[in-house]
Visitor: 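Before I ask anything, here is the structure I am working with.
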Amino acid sequence: MIVLHVHHSEYRRSPLSPRRAASPRPASPRSARNDNAAPRSPRAKKPLAPPRRPPLPPRRKDDDPSDASAALAPLASPLPSPTPSSPAAARDAAGRDGAAEAAARVRVFVRVRPPVRSDEKAAEASGGRSAALLCQGAKLWLLDQSEGKPSSPRQFVFDQAISAEASQEDVYRCACEETGVVRGVLEGINGCVMCYGQTGAGKTFTLGNTSPPHEGLVYRALAAILEQSGGGREVRLSYVQIYNETIKDLLRPASVVELREEAPHGVVLAGCDVRQVSSVAQCLKLIDAANLNRATAATAMNDQSSRSHSVLVLDVTTKVGAKMLRGKLHLVDLAGSERVKKSEVTGQAFEETVAINNSLTCLGRCVQALAAGPKAGKPPFRETKLTRLLSSTFGGRANTVLVVCVAPTCSDSFETLNSLQFGQQAMSVKVQAKVNATVDMLALQDERFAKFYEAQRARGRAEAEAWRRVQPRYEAQQARRSLVDAEMQRVAALKMELQLAEESREAVRAEESAALQLKRQEHELNVKGLRQQQAAAAKELIRLRGLARAAGLELPEQAHISTEIDLLADSAGARRRDATASEASKFGKKRLAGAKMSAGQAEAAAMQAAGCGKSGAKDEELAKLEQGVEMYQSAVEKAWQDVQRIEDERQQVDRSYQVSQEEVERLDREREDMEATLHEVASDLGRLALLYRTQGQAPHAVPLYMTALAIYEKTLGPDHPEVAKDLVNLGNAFCDQNQHDEAVPLYLRALAIDQAALGDDHPEVAMDLSNLGIVYRVQGRRDEAIALFQRAQTIMTDALGPDDPKTLTVARNLAATQVIHVDVVESPRGPPAALVERLSQQKLPKTEQELAEELQQAQDNRDAVLRARVDKAVESQAPKLKLTLPSATSDATSGAATPRSTYKSTSKEARDAVEKSLDGGSARTMLHKHVASMAYFAPDT
Ligand SMILES: Nc1ncnc2c1ncn2[C@@H]1O[C@H](COP(=O)(O)OP(=O)(O)OP(=O)(O)O)[C@@H](O)[C@H]1O
């Protein structure tokens, strides 16, 4: 029952009172208030007779002597020592039950009420005698002195025996906190806290008192629940009384309240008012108002005795994610049991008392039946409203706590004994506390989505973090890759450029040689014509001189002309043998015609001079003849000049032919140089590809081999043995990936090339046959493979001898193919049988270290070659640039720097010139960069 205890001013509680308003209640009931002290009631100030020291409890055989001595200890003091209400003490006491068992049964606490004013009357009535109640941990001894002589003490063991000195907070801590009954409600487990005891034993005080600082269990439970309410928690309150077997709603008395079975909570109150609450103050207000509707009366034993059983229900719904936890806490203040005679009630009160006793008796029978187990039959829960309502808390799914309140008075020892026995029986009642949870599917979906989203976010963050760490490396690699791609493109462009240059060079060369040929022919014809003309002119001159001499005319001799003419005559005579009339050029004919004309004129003049001689005009004729000779002579000189000019032209043509020939040679050298660099690239690609293959990354090797193949085909032609080697390597890379179908045409082509280039019986051809045989064997073409191996073995034996390792390898392949049947490899990801086979042919597979060393060696060689070229270029440029290079001997003797380093130390002009001559953008540099980058990308060894 929850009432205001107005007879103790300290207990007065009025939430609306000015005192309360002035000093608000502390937020937590577990504040630092020292309420261990007994309440200071006016009567309490009066010194109470100390309880007499009870006699020693009888020592039973199974009693621990130390335990008994512990029980004796407090007896030394006039007042019983405060009962330690620590959980440790409770565990000690309940040791026989064990924690697990305690958790699965009704938890029972006994609270001894301190003496109050009304006890004095009772003490007087009983001649000052009082019952001795001694609490020690879980044990309680009752010494009944009601009959005037001390009876033997009776011992009871509960979860905790709470002495009169214990505070309300102590009671709450051990009955509600340590049992977890309140916490359980928040977790969806039903709970019940019930106060049982005779009238005036302190049930209402223990449960329903609200006066500070002695707030009872209801107040503290409300505070504990509502303090933790908030997001996702709802608390609803209902409050009823059972009076004369009628259930009355105290919040709305007009309601018709019924008891109804409702899963999973069992029997519930249906039809009563339910109020949603959010604060303790709100609850207290409701409870105060409801208590006005309660049935109370003053009896001889209690000024304000509860004449009904009150049940306060807190329905707590807690949302945890998608789960909806619903726990109900029943706070039950039972009406006090009493003897009719003792309470001196009559009339309606008598009926009330009978009804109360009836329901409590029924509750006792139910507890008895439950304690005895299934054999005792079904507990008679349905007989009274009280037992029906409590059926789900006793032996149901709830945590149940029973607080048995006893009065310390001797006159009440009979009731005290009854109450203790009831509590003792209740200790055996089992409970099965279970969580009442429902799942909100939509909320569950949301929750899962949220979890998934969180997980995704975490993953996303981890990925972003990982990306952040690898990004620089990735980007650097990308940059290098693009660099390599660019280099590759440049190589391709360079090849194209080279091809175009070659084509145009060929075209220019053909054109030039055709033009030169034409000029030469023309020139020869001209020369021929001129020589004929000269010869004819010389002959004519001789003839004319003869005529002149015959005519007695002396013509002056011109030495150089005659010499030249003689020479020309000789030459003409020499050439005449070869010359034909058809070869004479128009130019020659024209000149000859001119000369003839001059000769004709001269002849006419001579003839005329001869005729004139006869006639006597000798001088005149002679002058004419001389004039004719001069004319002829000038014609001869002119012809000579033409010969000279044409000779010059011929020499010029020869010189330009020479220049173009040099240009052709230079281009050839450059082409060879470029081809050499390309071969180095191809060779490096091959090494890198091999490195990839030995590391099991054959797919990376394929494009490298292909590039190398393209280089070899372009530079050496498609039928070169080097191309065949690369084809075999490419085929091997395909075999490493079990792509044998790809390898076959490559091996066949390599075989054809080697056969054409080296002959059918060359060991290289045998190796090609063997390779092909291995692939055929893997493809299941066993007979063809055997034939190939046999042929290869024959070639090897003839060429290298039967004991050569290569011959033996081929022989082993043949033998293995003849003996072992190899399944056709279907799966493209199957074991690299061909690779294993191929590697088994080698003496020992090269280690990565060896390959790396080889690669390093190749790079060093290439660097040395490049250095040598640079040095050569420096040396060739040095004279032009007026550089002083140390001689080889001085280098050797003085240990001076190499020409390359000397070049480095020369002036900037010289360096720039040399760099220019090396041409930073030239093909060689690009290829060098390319090779360097390829080497850089080679996997770490
Ligand atoms: N621990 C206590 N300390 C001080 N006073 C107490 C204590 N327990 C009970 N009392 C006082 O004893 C008197 C009777 O207590 P209470 O009304 O709580 O008894 P009850 O068992 O509820 O009786 P009823 O069954 O008749 O209602 C009250 O005046 C109450 O203030």
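Just follow the structure's listing: the first ligand is 1, and inside any ligand the first atom is 1. FYI, the numbering just counts along the sequence from 1.
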Visitor: Taking atom types as modelled, is there a side-chain donor on Thr384 or Thr387 under 3.5 Å from an acceptor on the other?
Guide: yes
Visitor: Taking atom types as modelled, find out whether Glu169 and Ser167 have a side-chain donor-acceptor pair closer than 3.5 angstrom.
Guide: no
Visitor: Regarding ligand 1, does Val116 bring an N or O atom to under 3.5 Å of one of the ligand's N or O atoms?
Guide: no
Visitor: Give the numbers and elements of all ligand 1 atoms closer than 4.0 Å to a heavy atom of Gly336.
Guide: 25 (O)
Visitor: Quick one: does ligand 1 sit under 4.0 Å from the side chain of Gln198, the backbone, both or neither, non-hydrogen atoms only?
Guide: backbone
Visitor: Any chance the side chains of Thr179 and Arg107 put a donor and an acceptor closer than 3.5 Å?
Guide: no
Visitor: Using distance alone, decide if ligand 1 has a nitrogen or oxygen within less than 3.5 Å of any nitrogen or oxygen in Phe205.
Guide: yes
Visitor: Ligand 1 and Arg113, any nitrogen or oxygen pair closer than 3.5 angstrom?
Guide: no
Visitor: Is Gly200 in polar range of ligand 1, meaning some N or O pair under 3.5 Å apart?
Guide: yes
Visitor: Verify whether one side chain among Asp249 and Tyr239 offers a donor that lies under 3.5 Å from an acceptor in the other.
Guide: no
Visitor: May I ask you to list the atoms of ligand 1 that are less than 4.0 angstrom from any heavy atom of Ala201?
Guide: 19 (O), 20 (P), 21 (O)
Visitor: Main chain of Gln276, side chain of Gln282: is a donor-acceptor contact present, judged purely on distance under 3.5 Å?
Guide: yes
Visitor: May I ask you to list the atoms of ligand 1 that are less than 4.0 angstrom from any heavy atom of Arg111?
Guide: 1 (N)
Visitor: Which of the listed options, Ser308, Pro114, Gly202, holds the heavy atom that is closest to atom 2 (C) of ligand 1?
Guide: Pro114
Visitor: Between His330 and Val193, is any pair of side-chain heavy atoms under 4.5 Å apart?
Guide: no
